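Data first, discussion second: the structure below is written as structure tokens.
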Amino acid sequence: MKELVKEKVLKALKELYNTQVENFKVEKPKEEAHGDLASNVAFLLARELKKPPVNIAQELADFLSKDETFKSVEAVKGFINFRFSEDFLKEEFKKFLLSGEAYFKEDLGKGLKVQLEYVSANPTGPLHLGHGRGAVVGDTLARLFKFFNYDVTREYYINDAGRQVYLLGISIYYRYLEKCPERDEETFKEIKEIFEKDGYRGEYVKEIAERLRKLVGESLCKPEEANLKEVREKILKEESIELYYTKKYEPKDVVDLLSNYGLDLMMKEIREDLSLMDISFDVWFSERSLYDSGEVERLINLLKEKGYVYEKDGALWLKTSLFGDDKDRVVKRSDGTYTYFASDIAYHYNKFKRGFEKVINVWGADHHGYIPRVKAALKMLEIPEDWLEILLVQMVKLFREGKEVKMSKRAGTFVTLRELLDEVGKDAVRFIFLTKRSDTPLDFDVEKAKEKSSENPVYYVQYAHARISGIFREFKERYKKDVSVEELINYVQHLEEEAEIKLIKKVLFFKDELVDITLKREPHLLTYYLIDLAGDFHHYYNHHRILGMEENVMFSRLALVKGIKEVVRLGLNLMGVSAPERM
RNA sequence: GUGCCCGUAGCUCAGGUGGACAGAGCACGGGGCUCCGGACCCCGGGGUCGCGGGUUCAAGUCCCGCCGGGCACACCA
């Protein structure tokens, strides 16, 4: 709708003044009294035309008034207020009814190759609420991009390398050794020391250790007597879960073996958690593969050739401070190993080489200090500045009975994403994660999420959908037949009431809304639109009967609610929330 | 200490590339179908948009300072 008006304004400018402006706005005014859409063009032209905005607005309004698209075009204090004619709106609404969601599609993306990377949680523990929020934001954006014809790749970067993976192995081994009837005390002491300092203390580690014990018995209690090869084969043979890391990587010692085994189990958990939320990925990208292929090393060499690497204190440093970072960063430690930053640059370079034209990373907000160094590295590689976009997602706080549930891995009061999903369900989780701008912290009230009332926006919106479905069910029941949209569109002309025209507008404006949400990367606005639309519908429904009215009234109203249902369905769908036929 | 984000009604928050009298939900008070789903609807009171300057025809929105809150500042990932 906005585009249409913009075009008309541009045409008018050309005819009246033979001029063009770029950055004028056509927007939905806050006040309905100011029309369906309003524009500020006149203000922007005042200087060039050497006329007061009020006069320009008047001239434009007079000119555009002739257009049948509009019921009225008025100049008010320099603004131009547009009001669509009802005939135009009804014709558009019919088009929408016939074509369904396709009516809202537009070739925004033009097939642009976009990669969205999100979640990418460390495979050393279960997903927590923050990961879930990132997952929902990323997934919803992916759906929106697809809708507008971007060529989207959804990717999960698995941090399966480095010290954390080693610590996972240590932690599993510690929990395993704890329960050994007889064990090598020397080894136990050594492992225990590392564990107590940096180990993962969650229950899930114990579970992995127990699962391991079932497979291999006590054969790892005394590592010097253990036959690593046999143990590994035993695991591969007995374990019912598909093992990737355990199979692919020859372990150098027991801890290494357990690291791989742990990774396999954790990744399985993570995939399951995500699929419970209907979230899936096109690519699962392994950090370790960047080392295997030599990409990390080659990348550092490339940066060396470009003269951005120097040695200090036995380590290799990257001159990120040249490109806006606070200080230079280590890429290769004095012990010869690479830092996470090094592989991360290689990862981004890899994305670039894969031909993505736009890359969007959805990161936890605690990573914001990390952004400048990544951006600096990309500049060194001469990758365009706007190629990488980073969206930060703030943490989620859990509230139960009005009190914050403090999360601490150590205290054991850690609520996982899985637990929340089990308790309140996918729809509520996905919807509520999108009820706030993603860059501000979110308070998640468990009781409200479970409540089936207007306290809970999920139900409010879903209820609108179910109610409309109910109307059509009842129609079929009473009249023993279905109605097709082809029949319904013939009655659209009979929608005359103000509330009905208002609803038609609301429905048709969904397209502008979607475009806006996509370009601004603010999927939370989807929830606000839907709550608003659902509210308008509930209001309408409470004041207007549909079934049993005389033919023109009944069928025109059926057409109207059919359209609303379709928009609610599409909106929920883009958020990955179900649109139930009954509740 | 430095950097980033935030401060809008009693509570939770929209609005933030400046634009027309500041919005919603909840809570609080009062009301609503013999009839399509009451998980709904209607009415009401409620705000110096943290404070102080500045830019502008126009500031909740942009700039500066201050106050209050969050996060980040490793040869961790």
Side-chain angles (χ1 to χ4, degrees), chain A residues 23 25 27 29-31 33-34 38-40 43 46 52-53 76-79 81 120-122 124 159-165 167 198 287 312-317 325-327 329-344 364-372 392 394-395 397 399 402 435-437 439-443 445 448 451-464 466-475 477-478 520 522 524-525 527-529 531-532 534-535 537-549 554 557-558 561 582-583:
Chain A
N23 296 321
K25 278 189 198 169
E27 282 184 329
K30 286 180 200 162
E31 296 293 319
H34 299 133
S39 178
N40 66 345
F43 293 93
V76 181
K77 292 193 230 168
F79 290 94
N81 298 338
S120 300
N122 288 339
T124 53
N159 300 132
D160 52 8
R163 183 170 161 80
Q164 54 175 350
V165 172
L167 287 172
D198 299 312
E287 178 188 359
K312 194 182 91 181
D313 305 330
L316 289 183
W317 297 69
D325 197 7
D326 303 341
K327 50 188 169 187
R329 308 288 173 175
V330 171
V331 285
K332 192 175 189 179
R333 301 185 191 91
S334 50
D335 68 3
T337 59
Y338 291 100
T339 60
Y340 177 77
F341 180 44
S343 58
D344 209 22
D366 52 345
H367 286 70
H368 77 257
Y370 185 72
I371 297 170
L392 295 180
Q394 281 282 6
M395 57 192 282
K397 280 189 201 164
F399 283 76
T435 51
K436 274 196 72 172
R437 267 202 358 239
D439 64 354
T440 51
L442 176 84
D443 294 343
D445 187 317
K448 274 187 195 168
E451 209 166 300
K452 299 184 174 180
S453 74
S454 56
E455 278 271 345
N456 188 341
V458 192
Y459 285 98
Y460 189 73
V461 174
Q462 287 183 322
Y463 183 49
R467 256 184 153 177
I468 296 171
S469 304
I471 296 168
F472 282 95
R473 268 198 304 277
E474 179 67 18
F475 176 88
E477 186 72 22
R478 284 196 199 180
K520 284 158 88 176
E522 290 189 337
H524 73 284
L525 296 175
T527 63
Y528 285 89
Y529 172 85
I531 290 168
D532 210 36
F537 164 73
H538 287 310
H539 173 84
Y540 177 78
Y541 182 80
N542 262 277
H543 299 275
H544 300 265
R545 300 223 96 248
I546 298 175
L547 300 186
M549 304 294 282
M554 173 163 79
R557 289 180 178 176
L558 280 173
V561 296
R582 55 181 91 226
M583 297 169 66

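So that the names make sense, note that chain A is the first sequence line, chain B the second, and so on, each numbered from 1. All figures in this text were calculated on a predicted structure; none of them were measured in a lab.
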Whole-Å gap separating C1' (B:rC41) and OH (A:Y463): 10 Å
Side-chain N or O of A:R437 closer than 4.0 Å to phosphate OP1/OP2 of B:rG16: no
Donor-acceptor contact below 3.5 Å, side chain A:R473 vs main chain A:F475: no
Rounded interatomic separation in angstrom, taking OH from A:Y460 and P from B:rA39: 13 Å
Side chain of A:K436 - closest among B:rA39, B:rC40, B:rA14: B:rA14
A:Y340 side-chain proximity, nearest of B:rC36, B:rC6, B:rA77: B:rA77
Sugar-phosphate, base or nothing in reach of A:A464, heavy atoms under 4.0 Å: nothing
Closest-nucleotide 5' rank along RNA chain B - winner of A:Y541 and A:D439: A:D439
B:rA9 and B:rG50, which share atom name P, separated by this distance in whole Å: 8 Å
Whole-Å distance separating the CZ atom of A:R163 from the C1' atom of B:rA77: 11 Å
Distance in angstrom units between A:H539 NE2 and B:rC43 P, rounded: 8 Å
Heavy-atom side-chain proximity of A:R437 to A:H524 below 4.5 angstrom: yes
Contacts of type salt bridge (Lys or Arg N to Asp or Glu O under 4.0 Å), residue A:R163, not counting sequence neighbours: A:D198
B:rG30 to B:rG46 separation - C1' atoms, rounded to the nearest Å: 16 Å
Under 3.5 Å on both distances, the Watson-Crick or G-U partner of B:rG18: none
Sugar-phosphate only, base, or nothing, as touched by A:L316 at under 4.0 Å among non-hydrogen atoms: nothing
Working for side-chain contact (heavy atoms from CB on, under 4.5 Å), residues A:L558 and A:F472: CA-CA 8 Å; A:L558 280 173; A:F472 282 95; 3.8 Å; yes
Below 4.0 Å: OP1/OP2 of B:rC42 and any side-chain N or O of A:H543: no
Nearest-angstrom distance, P atom, B:rU2 to B:rC66: 10 Å
Nucleotide nearest A:N542 when distance is taken to its side chain, options B:rA14, B:rC41, B:rG37: B:rC41
A:R557 side-chain N/O to A:R545 backbone N/O, donor-acceptor pair under 3.5 Å: yes
Between CD1 on residue A:I531 and NE2 on residue A:H538, distance to nearest 0.5 Å: 10.5 Å
Nearest-Å distance once atom C1' is located in both B:rC42 and B:rC5: 40 Å
Whole-angstrom distance between B:rU48 and B:rG44, as gauged at atom C1': 24 Å
Donor-acceptor under 3.5 Å (A:Q164 side chain, A:N159 main chain): yes
Below 4.0 Å: OP1/OP2 of B:rG37 and any side-chain N or O of A:Y459: no
Same-atom distance (P) from B:rA22 to B:rC64, integer angstrom: 27 Å
Whether A:S39 side chain and A:K25 backbone form a donor-acceptor pair below 3.5 Å: yes
P-based separation of B:rC67 from B:rG52 [nearest Å]: 15 Å
Protein-nucleotide distance (A:I471, atom CD1; B:rC40, atom P), rounded to Å: 16 Å
Heavy-atom donor-acceptor pair, A:D160 side chain to A:E287 backbone, under 3.5 Å: yes
5' priority, RNA chain B, between A:Y338 and A:S469 [closest heavy atom]: A:S469
For B:rG3, the Watson-Crick or wobble partner whose two distances fall under 3.5 Å: B:rC71
N/O contacts under 3.5 Å, protein versus nucleotides 68-75 of chain B?
{"residue": "B:rC75", "atom": "O3'", "partner": "A:R333", "partner atom": "NE", "Å": "3.4"}
{"residue": "B:rC75", "atom": "O2", "partner": "A:S334", "partner atom": "N", "Å": "2.8"}
{"residue": "B:rC75", "atom": "O2", "partner": "A:S334", "partner atom": "OG", "Å": "3.1"}
{"residue": "B:rC75", "atom": "N3", "partner": "A:S334", "partner atom": "OG", "Å": "3.2"}
{"residue": "B:rC75", "atom": "N4", "partner": "A:D313", "partner atom": "O", "Å": "2.8"}

Pairing partner (Watson-Crick or G-U wobble, both distances under 3.5 angstrom) of B:rA58: none
Residues A:I468, A:Y541; criterion side-chain contact (heavy atoms from CB on, under 4.5 Å); working and verdict: CA-CA 9 Å; A:I468 296 171; A:Y541 182 80; over 6 Å; no
Complementary nucleotide of B:rG47, counting Watson-Crick and G-U pairs under 3.5 Å: none
Side-chain donor or acceptor of A:D313 paired with backbone N/O of A:A315 under 3.5 Å: no
Candidates B:rC36, B:rA77, B:rC41 - which lies nearest the side chain of A:H538: B:rC41
Provide a list of protein-nucleic acid N or O atom pairs under 3.5 angstrom, restricted to nucleotides 28-30 of chain B.
none

For atom CZ of A:F537 and atom P of B:rG37, their distance in whole Å: 10 Å
side-chain contact (heavy atoms from CB on, under 4.5 Å) assessment of A:L167 paired with A:T124: CA-CA 9 Å; A:L167 287 172; A:T124 53; over 6 Å; no
Length of the line joining A:F399:CZ and B:rU12:P, which is rounded to integer Å: 8 Å
Who pairs with B:rG10 - Watson-Crick or G-U, where each distance is under 3.5 Å: B:rC26
Parallel, tilted or perpendicular: rings of A:Y370 and A:F341 (30°, 60°): perpendicular
Sequence-distant partners of A:Y540, ring pair (Phe, Tyr, Trp, His ring centres under 6.0 Å), two or more places apart: A:H544
Interatomic distance at P, B:rG29 relative to B:rC73, whole Å: 48 Å
Base-contact (B) and sugar-phosphate-only (S) positions in nucleotides 17-23 of chain B, heavy-atom cut-off under 4.0 Å, - elsewhere: -SBBB-S
Set of salt bridge (Lys or Arg N to Asp or Glu O under 4.0 Å) partners for A:E27, sequence neighbours left out: none
Distance, rounded to the nearest Å, where A:D325 contributes CG and B:rU2 contributes P: 18 Å
